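To start, the structure under review is shown below, and the notes come after it.
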Amino acid sequence: MTESTARSEWPLYEVFLRGKRGLNHVHVGSLHAADATMALHHARDLYTRRNEGVSIWVVRAADITASSPDEKDPFFAPSGDKVYRHPTFYDIPDNVPHI
Amino acid sequence: MTAATPRAETLAPDAETLARDFDEMVARDRRIEPRDWMPDAYRKTMVRQIAQHAHSEIVGMQPEGNWVTRAPSLRRKAILLAKVQDEAGHGLYLYSAAETLGADRADLTRRLITGAQKYSSIFNYPALTFADVGVIGWLVDGAAICNQVPLCRSSYGPYARAMIRICKEESFHQRQGYELLLTMMRGTGAQREMVQDATNRWWWPSLMMFGPPDADSPNTAQSMRWRIKRHTNDELRQRFVDMARSASRFPTRCCAGTPTAATATSARWTGTSSSRSSPATDPATHSASRTAARRTRTGPGFARRRPPTRRGRERHDGEHSALGVAPVRGVPAR
């Protein structure tokens, strides 16, 4: 199993696709590749067989820094109590035009 | 991925709280994502389910792959190549999903080769003629679609997302198979016999793809609770039988003009030998009414009776079975 051991050492790349101009790149999945160029080619073959994208980003999974997955993550607490950031916080009479 | 260093004051919740949060999340139909806490049994079950599915896609390339070099036309060869390439792609989407649970890809392959992990036994049946390529598309991929459409709502996010991509592509697989069969049914008597023979051989294995009857399926209850399974084996099997029955009537009508005894058979799945009938058409009827068939084939009535085709974007909102058969319900519109 030397071959498969070598294969498993290829790093994991996360793949992001821009579906069409005007849209953001969106995460679609991951793949293994020896380097970034190979990852791009693999991503094209694997994730865009039916014109799903006009642009691909690949990034080493190990290079992504992520917040904690916890839904109640205190990391997001600062935005939790600032209702005045939303337009619905403000009472405006119904008959005011153009607001 | 690496997590940002948690802040010092963050206390790790105890196991009981974690388990309760997990259950609540699943009960509210929220998706579980890779770095969420999950019970070990859930993780293990998901790895097993996804790996088995991935292995099936990979092994599934073999019966049809044999026909790539012997396809009857360049058009069929290109279609078959694209289909087999899709199966490889499906395997890779799924291995990618399994890896989010901490599984190692090389290890999964090793388990497939040593037999420690299974794949669907449907792929152990040989594809003897080119009609098998059509029947595999129609029945085997059709059964796979029945099984997989509800999995687009699996509680495990990466698996559900992979399934959405897969289901979109399976729709092409089923349609090319059905179209291939329609073409053969419009051909010679020998070709129609090939279709019937292939249908007879694949019909029962297709039904077995849905797993054991509900009474013998001990894991169903837990899987339903975890929302990694949405319908019981028998529910899905019945849905498939109904779809196959409707679709099998179509070539009969367009080729012979009259329904045959075979298509009029009761299609209620009972698991007993009384339902042991193939859904396809009876070739004898076709040869008996060859003249009628030819007239129907060339007349305008045939064009009207073609199954509705959808050009452009493939849909996955419950209309996979665009073969003139009943739509599958319960897929989220996205």
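Chain A is the first sequence line, chain B the second, and so forth, proteins listed ahead of strands; every chain is numbered from 1. Every value quoted in this text rests on a predicted model; they were computed, and no experiment measured them.
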Tell me if the [atom1] atom of [X] is crowded by more than 12 foreign heavy atoms within 6.0 Å.
X        : atom1 : value
Asn24(A) : CG    : no
Asp40(B) : CG    : no
His25(A) : NE2   : yes

**Asked** Under the side chain to side chain contact (heavy atoms under 4.5 Å, CB included) criterion, do Lys168(B) and Arg50(A) qualify, and how do the steps go?
**Response** CA-CA 11 Å; Lys168(B) 278 191 201 174; Arg50(A) 289 178 175 77; over 6 Å; no

**Item:** Top contributor to chain A interface from Trp37(B), Tyr93(B), Tyr95(B) [non-hydrogen pairs under 4.5 Å]
**Value:**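 Among Trp37(B), Tyr93(B), Tyr95(B), the one with the most close pairs to chain A is Tyr93(B).
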
**Request:** Please check if the side chain of Arg35(B) supplies one atom and the backbone of Ser67(A) the other of a donor-acceptor pair under 3.5 Å.
**Result:**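 Answer holds: yes.
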
**Proximal to chain A - members of residues 78-90 of chain B, heavy-atom separation under 4.5 Å** = Gln85(B), Asp86(B), Gly89(B), His90(B)

**Item:** Shortest non-hydrogen contact between Tyr47(A) and Arg165(B), atoms and distance
**Value:** O-NH2, 3.1 Å

**Item:** Distance (rounded to the nearest 0.5 Å) between Arg105(B) CZ and Leu31(A) CG
**Value:** 7.5 Å

